[in-house]
Amino acid sequence: MKRTPLILAAVAVLGLAAVWYEAKGSRASPRYRQVRVEKGDLLVTVNATGTVQPVTQVQVGTQVTGTIQKLFADFNSRVTAGQVVAQIDPAPFKALVDQNRANLVRAQADVGRVQAGRVQAEKELGRSRELAKRELISPSDLDAAVATYDSLVAQGKVVEAVVDQSRATLDSSEVNLRYTTIVSPIDGIVVSRNVDVGQTVAASLQAPTLFVVADNLKKIQVQASVAEADIGRIAVDQEAAFTVDAYRDLRFRGRVFQVRLAPTTVQNVVTYTVMINADNPEEKLLPGMTATIAFEIDRRVGVLKVANAALRFRPPEEQAPESSGSSAGDRGEREGEAGGGRPSESRLWIATAAGLRPVPVVPGATDGSSTEIVRGDVHEGEEAVAGLLLEPGDASLRNPFAPRFGGPARGR
């Protein structure tokens with residue numbers, strides 16, 4: 001029984017030792033993830049997405065209604081201007097042409113008949129006038145001859161108009177007959193076929209599309225959608241690079257040739273269309289591919305730069321110098337925000353044997369991962385702190401929600 005106070009005292013000492021050891025571990029200096037300040041090139045870009053499309057794309061349709069009799073082109077067929085690509089059944093159109101040609105012949109025959117009657121009436125009128133001078137016929141007989149002649153002259157004009165009308169109708173039917181033969185309007189490649197043999201196409205209100213022909217896939221366009229916040233930095237003749245999912249390792253290049261003024265608004269998001277010309281010598285880029293585009297806004301060569309994470313890093317309060325709360329970096333940031341246009345200052349933190357040292361810097365252009373250092377007491381090769389490294393057993397950095405391992409060992 002006398003050993004009990006000694007055992008309790010020993011347990012208390014061990015508990016205090018454990019608390020002291022854990023507190024000592026919590027005050028241990030943390031390890032930092034550091035990045036190197038280096039010199040190099042910096043490319044400032046604006047990112048967007050777009051769609052690959054041919055430079056010229058023509059829809060080949062029909063202006064007459066009928067049944068597709070033959071197809072002479074299919075998907076991916078290369079065609080030339082004037083080449084026959086489809087044939088609509090011409091039989092009903094040929095029959096109509098024959099009928100209209102017969103009507104024209106009949107109208108021309110009517111013209112000949114009326115002209116013959118007019119010549120006869122003109123001669124009868126001449127004789128009637130001679131007889132009237134001799135008072136051998138009555139005035140009424142002379143008036144009848146004049147009326148007959150005038151009537152035949154009028155009939156001649158009517159039948160001549162019928163001839164013109166019949167000829168126009170025949171021309172129209174012949175044009176429709178020619179329309180039954182569908183030809184390609186340009187040299188190119190068929191990228192879409194929308195009909196099959198035996199299908200009836202109706203050209204009542206608008207011409208139905210039979211084929212879509214792209215003129216030349218060795219040159220393509222990319223139609224990009226650029227956010228309104230970035231459109232002010234896009235200009236004609238600006239270089240752009242883009243990738244497509246089909247060739248993730250290839251980087252294609254193009255040049256802006258048009259910035260369209262008409263905005264597009266979808267769910268209160270305003271974008272503008274930017275057109276990019278690009279070469280496609282191997283025809284790897286196909287119409288409809290989704291492109292991820294980077295417009296080259298600025299290029300800085302041989303500048304001092306550092307990873308963006310280093311500029312975002314802020315040390316824990318217990319590790320930061322006491323005077324850092326009112327350092328020149330903070331004042332510079334406030335002055336930059338209120339100065340309206342002057343570059344704002346930021347800070348880099350350099351790990352030294354004495355602790356963290358803040359270095360005010362003025363950042364410049366950024367490419368999204370690194371930022372140019374315009375001004376500041378930092379040099380190439382120095383290491384800037386970009387974050388904390390967590391270690392197992394580090395009490396000060398332990399996640400309170402992480403599971404705890406350990407406990408009494410179980411026997412086997």
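Owing to the predicted nature of the structure, the values given are computational and were not obtained by experimental measurement.
In this structure the side chain of Glu124 never reaches within 4.5 angstrom of the side chain of Thr148, judged on heavy atoms. Proximity of Arg314 to Trp349: side-chain heavy atoms (C-beta onward) are separated by under 4.5 Å at one or more points. Annotation: side chain of Phe72 is not in contact with side chain of Thr181 (no heavy-atom distance under 4.5 Å). Two residues are said to be in side-chain contact when any heavy atoms from C-beta on lie closer than 4.5 Å; Tyr272 and Arg260 fail this criterion. In this structure the side chain of Val52 never reaches within 4.5 angstrom of the side chain of Leu286, judged on heavy atoms. Contact check for Thr169 versus Asn103: no side-chain heavy atoms found under the 4.5 Å cut-off. By the 4.5 Å heavy-atom criterion applied to side chains, Asp215 and Asp187 are not counted as neighbours. No side-chain heavy atom of Phe313 sits less than 4.5 Å from a side-chain heavy atom of Val35.
Looking only at distances, a side-chain donor or acceptor of Arg33 sits under 3.5 Å from a matching main-chain atom of Ala386. At least one donor-acceptor pair closer than 3.5 Å links the side chain of Thr352 to the backbone N or O of Gly355. Asp41 places a side-chain N or O within donor-acceptor distance of the main-chain N or O of Gly302, the cut-off being under 3.5 Å. Checked by atom type and distance alone, the side chain of Asp367 pairs as donor or acceptor with a backbone atom of Ser370 at under 3.5 Å. Between the Gln87 side chain and the Thr180 main chain, a donor and an acceptor come within less than 3.5 Å of each other. Counting only distance, with no hydrogens or angles, the side chain of Asn308 and the backbone of Thr371 share a donor-acceptor pair below 3.5 Å.
Among all heavy-atom pairs drawn from Gln108 and Val163, the shortest one is N-CG2, 3.6 Å. Taking both residues in full, the closest heavy atoms of Gly156 and Val114 are given as N-CG1, 3.2 Å, listed atom of the first, atom of the second, then distance. The nearest pair of heavy atoms linking Phe242 to Gly254 is CE2-N, 4.5 Å. Residues Gly376 and Val361 approach most closely at CA-CG1, 4.1 Å, considering heavy atoms. Pairing each heavy atom of Ala240 with each of Ile276, the nearest pair is CB-CD1, 4.1 Å. Of all the heavy atoms in Ala365 and Leu42, the pair that sits closest is O-CD2, 3.1 Å.
A salt bridge does not link Lys218 to Asp279: none of the charged side-chain nitrogens sits closer than 4.0 Å to a carboxylate oxygen. For Arg36 and Glu383, the salt-bridge test passes: some basic side-chain N is under 4.0 Å from an acidic carboxylate O. Glu283 has a carboxylate O that lies under 4.0 Å from a charged side-chain N of Arg78, or vice versa, which qualifies the two as a salt bridge.
Going from atom CD of Glu382 over to atom CG of Asp377 covers 7.5 Å, rounded to the nearest 0.5 Å. Annotation: the span from Leu170 atom CG to Arg101 atom CZ amounts to 5.5 Å, rounded to 0.5 Å.
The neighbour count for Gln59 CD, taken as heavy atoms of other residues, nucleotides or ligands under 6.0 Å away, does not exceed 12.
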Could you go through Lys284 and Met289, starting from their C-alpha distance and side-chain angles, then the distance that decides it, and tell me whether this counts as side chain to side chain contact (heavy atoms under 4.5 Å, CB included)? CA-CA 10 Å; Lys284 291 184 176 181; Met289 283 185 171; over 6 Å; no
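Partner of Phe211 under the side-chain contact (heavy atoms from CB on, under 4.5 Å) criterion, out of Val79, Asp74, Asn194, Leu71: Leu71 alone. The side-chain contact (heavy atoms from CB on, under 4.5 Å) test with Phe252 singles out one residue from Val244, Ile293, Thr243, and that residue is Val244.
Scanning for side-chain contact (heavy atoms from CB on, under 4.5 Å) contacts around Thr49 gives an empty result, with sequence neighbours left out.
Pairs passing the ring-ring contact (aromatic ring centres under 6.0 Å, His included) check and including a residue from residues 161-180, sequence neighbours excluded, do not occur.
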